[in-house]
Protein chains: 2
Amino acid sequence: MKKVSLKDIATAAGVSTALVSYVLTNKEKEARVGEEIAKKIREIARKLNYQPNHIARSLKSGRSFTIGLIVADISNPFFGHIARTIEDEAKRNNYTVIFGSSDENAAKSGDLVNVLLNRQVDGLIITPAEGSEQQLRQLQAQNIPFVLIDRFFPDMAASYITVDNYQGAKKAVEHLIRKGRQRIGMIAYKTTLHHISERKRGYQEALQAHGHDAGRSLLKTARYSHLKEDMQLAIDQLLNSRHRADAIFFATNSLAIEGLKYINERGIRIPDELAIITFDETDALDLFYCPVTFVRQPIAEMGKAAVRVLLEQINQPHKGIEHICIDTTLVVRKSCGKRR
Amino acid sequence: MKKVSLKDIATAAGVSTALVSYVLTNKEKEARVGEEIAKKIREIARKLNYQPNHIARSLKSGRSFTIGLIVADISNPFFGHIARTIEDEAKRNNYTVIFGSSDENAAKSGDLVNVLLNRQVDGLIITPAEGSEQQLRQLQAQNIPFVLIDRFFPDMAASYITVDNYQGAKKAVEHLIRKGRQRIGMIAYKTTLHHISERKRGYQEALQAHGHDAGRSLLKTARYSHLKEDMQLAIDQLLNSRHRADAIFFATNSLAIEGLKYINERGIRIPDELAIITFDETDALDLFYCPVTFVRQPIAEMGKAAVRVLLEQINQPHKGIEHICIDTTLVVRKSCGKRR
DNA sequence: CTTGCATCCTTAAACGTTTAAGCATATTTT
DNA sequence: AAAATATGCTTAAACGTTTAAGGATGCAAG
C-alpha cells in the first residue's frame, strides 16, 4: 500500500497534478480553478486519504517547518518543561520540534547543531553550553535564525530569552537576610555562563548591600561533570569551617537536589540548622520534609516567547534581534525558617 | 550566502553532479571514479564546507532517518529519561528524534501520529494512550513500523518493550507484607491500559496468596486529568475508614508524588503511620524525608531495546514482531519501615 | 469577423539528491 | 585486427511537491 501522491489524485480525477496542488493548498482563487473540479478533487483526496509529503514540500519551499531544540539534558525536568512548552507552542504554529541534549558540552552541542541543520530545521532554540560562542557566530554568519534560552552571551548580538537572574538571586539572598541568617553560602556550577555569573553577582551584591561578609569563602562551585563529589566537598567546606554557614543558596534545581541529598545523608536539619533556598522549582522540593523556598522562572512564558521570537526571525529576516528578560518570583515556603 | 549543493561542487570541479554524489557517498569503487578527481572533489567539498541536504536525500530514498517518539508528557522525568536514552541510541545509529506529548489522550495522540507521518518518519516509538488501538491498527495496515514502550495491548500483534508489571507489583506488595503491614492499599490510574491492570493484578494476587483481604475497598483509582482531587479523595478514603490502611502502593511515580504531597499536607508520618512503596524512581523520592522504596524499571535498557527493535523492523520489514519483557528490581529504602 | 479578455486547465521547470544506463576511450584478450 | 572488457565519466530520470508561464476555449465588445 504505497502512499497516495498528488499524481494519484490527478490521475483519478483526470487532471494535472498542478491543479490538484492548487486545490489542496487552497489556492483555487488565484489559480481560477473551476468549482466543480475543485470539489471533485477534494472528494477524491479525502477518499484516498491523501496526506501531503512534507519532505517534498520542504525541498521545494526550502522550509521544513521544523524547529531544532538543543537543551542541556532533556531528562532534567527543567528542560523537559521547556521542551514541553516549546512543543506546544510550535504545534500551534504548525511546526514540529527535533531535539538533542548537549550535556553542557560545547563539542556535543556543535555536533547537534550540524545534525539539526542537515535536517534543514528552519531555526534553532538553544540553551548554549559554555564555550559555544564560536558555533553560534558561525550560525549568524550563515544567517541561520536562532534564539538562546535560559542563558546567553552578553557580548554577542543574538536574540535571547532569559530571566532576571541578578534580581532573582538578590531576592533570594535578601529573603535569607530578612530571616536573620548571618552566614549565607552559595553553591553554583563552575562555569562562566552568564546566567550563573549573574546569580553569583546577585548573591554577592545583596550581601554587600546589607553589610554581610561577601568574601569568596562562602561561594562554592561544583563541576557539572563531577557533581556528586564536588557537591559533597562544597557542603563539607561550608559546614565544617569555624564560621559554619547557616544558609545555602543553590544556583539551580539540579544543584539543590544533589545538595539536599547529601544534606539528608549528613542528617542536617532544615531549617533549624541550615536554611535552604534555590533557583527553579521541581517536585522534589515540594516533597522535601521542609518544602523548599525557591525562585520561580516562568518556564511556560519563556518557552512561548522563544518560539514567538524565533518564528519572527524566520519570517521576517530583517527584523533584528530581540532580548526578552522576564522577572522571577520568590515562592516562600518553609526552608528558610522563621525570623530569628 | 546560499547553501552549497552538489551542483556547486560539480561546477567548481568541472564534473557532473553524479560524480560528486558518488564520491561523497563513498561509492567511488562501484562507480569507478578516478582517484585524482575523487581527491579533488573531496577537497572542494571540504573547502566549500558542503553539508548534504538531508531533505533531498530523504525525498529520493524515501527514508528520513528520523524516528517519531510519542510519550504521555515529555516534562515528566520518567518520559524525559526514556526520551533521553532513545535520543542517544538513535544518534548512535544516525537517526534523529521528533517527539510529541499525547497527555494520555487518544485524539491528541492520533493527531501527533499524523503529524509525524507527514514528516515521513521511518518509524514510531509510542507510549500508547488508552483507546488508541484503532490508530495503531491503522499504522499496521499502512505498514508503518512502530514499537510500543511502557504499555501495550495484549490482543494486538505489535512489537513492544515492557517490564514485568505483574511481578513488579507483586514484589512490592510482598515486601510490604514481609514488613508486617496488614491493610495494604493501592492507588492507580483509572484506566484500562494493560500495564496498570497488570500492576493491579500483581497487587491483588500477592494479597490473596498471603491470605490478605483483597477486596476492592483498598484499591483506589484517580483520573489522569483530575489527579489532585481524585488523589486526595482516594487517600482520605484509605485513611479515614474504620480499617485504616497501613500501607499504600502507588502504581506510578506521578501518583506517588501527588500522593506524598497530600500525605505531607495531612501530616501523616512515614513509615510509622503509613508505609509507602511505588513504581518508578525520581529525585523527589530520594529527597523525601523518608526515602521511598520503589520498583525500578530499567529505563536505559528499555529505551535502547525500543530503538533496536524499531530499526530492525525498519530495515528488515519481514522480520516479524518482537516482545521484550524486562524484569524490575525492588530498591529498598526506608519508607516501609522495619519489620513489626 | 476580428480583437480582447476571462476562465479553466496544462506544461514544464525547479528544489537537491541518487543511480541506472549509456557513451567514449583505452586496454586486454583472442 | 577484431572483439571483448575495463575505465572514467555524463545523461537523464526519479522522488513529490509548487508555481510561473502558457495554451485553449468561450464570450463580449468593437
Side-chain angles (χ1 to χ4, degrees), chain A residues 1-42 44-45 48-66 94 117-122, chain B residues 1-42 44-45 48-66 94 117-122:
Chain A
M1 209 149 78
K2 276 297 290 145
K3 281 220 107 194
V4 180
S5 73
L6 283 189
K7 204 193 287 187
D8 300 322
I9 300 178
T11 310
V15 297
S16 68
T17 60
L19 210 55
V20 180
S21 171
Y22 285 129
V23 172
L24 296 184
T25 50
N26 298 312
K27 300 210 179 57
E28 317 164 56
K29 289 279 149 51
E30 302 93 299
R32 299 162 315 192
V33 181
E35 266 187 52
E36 296 257 313
I37 197 73
K39 193 169 288 177
K40 184 173 173 189
I41 286 171
R42 266 186 239 282
I44 293 177
L48 297 184
N49 186 31
Y50 169 73
Q51 300 292 116
N53 182 324
H54 214 277
I55 292 213
R57 194 173 273 178
S58 294
L59 180 60
K60 188 75 215 321
S61 67
R63 300 183 53 176
S64 63
F65 288 92
T66 301
N94 289 317
L117 287 184
N118 287 356
R119 308 264 163 168
Q120 315 301 122
V121 296
D122 292 339
Chain B
M1 210 152 71
K2 275 297 290 145
K3 282 220 109 194
V4 181
S5 73
L6 284 189
K7 203 192 287 187
D8 300 323
I9 300 179
T11 310
V15 297
S16 68
T17 60
L19 210 55
V20 180
S21 171
Y22 285 129
V23 172
L24 296 184
T25 51
N26 298 312
K27 300 211 178 56
E28 315 163 60
K29 289 279 149 52
E30 304 92 298
R32 300 163 314 195
V33 180
E35 265 189 51
E36 296 258 312
I37 196 72
K39 193 169 287 177
K40 184 173 174 192
I41 287 171
R42 266 187 240 282
I44 294 178
L48 297 183
N49 186 30
Y50 169 72
Q51 301 290 117
N53 182 323
H54 214 278
I55 292 213
R57 196 174 270 179
S58 294
L59 181 59
K60 188 76 213 329
S61 67
R63 300 184 53 178
S64 61
F65 288 90
T66 301
N94 290 317
L117 288 185
N118 286 356
R119 308 264 162 169
Q120 315 301 121
V121 295
D122 292 339

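To find a chain, count down the sequence lines: A is the first, B the second, and so on, and within it residues start at 1.
Shown for residues 6-13 of chain A: residues whose heavy atoms fall under 4.0 angstrom of DNA chain D, namely Leu6(A).
Screening residues 8-21 of chain A for salt bridge (Lys or Arg N to Asp or Glu O under 4.0 Å) gives no qualifying pairs among residues at least two apart or on separate chains. Among residue pairs with one or both ends in residues 30-40 of chain A, none qualify as side chain to side chain donor-acceptor pair (under 3.5 Å); sequence neighbours excluded.
Taken to the nearest 0.5 Å, the CG atom of Asp122(A) stands 7.5 Å off from the OG atom of Ser61(A). Taking NE2 of His54(A) as the reference point, atom CD1 of Ile55(B) lies at 9.0 Å (rounded to 0.5 Å). Interatomic distance, CD1 of Ile37(B) versus CG of Leu19(B), reported as 6.5 Å (0.5 Å rounding). Separation of atoms CD1 (Ile41(A)) and CG (Leu24(A)) is listed at 7.0 Å; rounding is to 0.5 Å.
dA6(D) atom C1' lies 16 Å from atom CD of Glu30(B), rounded to whole Å. In this structure, Lys29(B) atom NZ and dA6(D) atom C1' are separated by 16 Å, rounded to whole Å. Spacing between atom CZ of Arg63(B) and atom C1' of dA14(D) amounts to 18 Å, rounded to whole angstrom units. Distance CG (Asn118(A)) to P (dT17(C)): 10 Å, rounded to an integer number of Å. Rounded to an integer number of Å, the gap from Gln120(B) CD to dC15(D) C1' is 11 Å. The CZ-C1' distance, from Phe65(B) to dT17(C), rounds to 13 Å in whole Å. Per the geometry, CD1 belonging to Ile55(B) stands 16 Å off C1' belonging to dT18(C), to the nearest Å. Distance CD (Gln51(A)) to P (dG16(D)): 15 Å, rounded to an integer number of Å.
Pairing each heavy atom of Asn94(A) with each of Phe65(A), the nearest pair is O-CB, 3.8 Å.
With hydrogens and angles left out, the side chain of Lys60(B) and the base of dT17(C) share no donor-acceptor pair within 3.5 Å.
The closest donor-acceptor contact from the side chain of Ser21(A) to the backbone of Thr17(A) lies at 3.5 Å or more, if one exists at all.
Between its two ends, the helix from dC1(C)-dG30(D) to dT30(C)-dA1(D) turns its axis by 70°, counting five pairs per end and rounding to 10 degrees.
Within 4.0 Å (heavy atoms only), Thr25(A) reaches sugar-phosphate atoms of the nucleic acid but no base atom.
By the side-chain contact (heavy atoms from CB on, under 4.5 Å) test, Thr66(B) is found to be paired with Arg119(A), Ser64(B), Thr96(B), Ile98(B), Val121(B), residues two or more places apart in sequence or in another chain being considered.
Between Asn49(A) and Val4(A), the closest side-chain pair of non-hydrogen atoms is not below 4.5 Å. Here the side chains of Arg57(B) and Pro52(B) are in contact, with some heavy-atom distance below 4.5 Å. In this structure, the side chains of Tyr50(A) and Ile44(A) stay at 4.5 Å or more apart for every pair of heavy atoms.
For dT19(D), one of the phosphate oxygens OP1 or OP2 lies less than 4.0 angstrom from a side-chain nitrogen or oxygen of Lys27(A). The phosphate of dT18(D) (OP1 or OP2) has a side-chain N or O of Ser21(A) nearer than 4.0 angstrom.
Where Arg57(A) and Leu59(B) meet DNA chain D, the nucleotide closest to each residue was compared, and Leu59(B) sits on the side nearer the 5' end.
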Distances for protein N or O near nucleotides 8-12 of chain C N or O, under 3.5 Å:
unit_1: dC8(C); atom_1: N4; unit_2: Arg32(A); atom_2: NH2; d: 2.4
unit_1: dC9(C); atom_1: OP2; unit_2: Gly34(A); atom_2: N; d: 2.7
unit_1: dT10(C); atom_1: OP2; unit_2: Ser16(A); atom_2: N; d: 2.9
unit_1: dT10(C); atom_1: OP2; unit_2: Ser16(A); atom_2: OG; d: 3.0

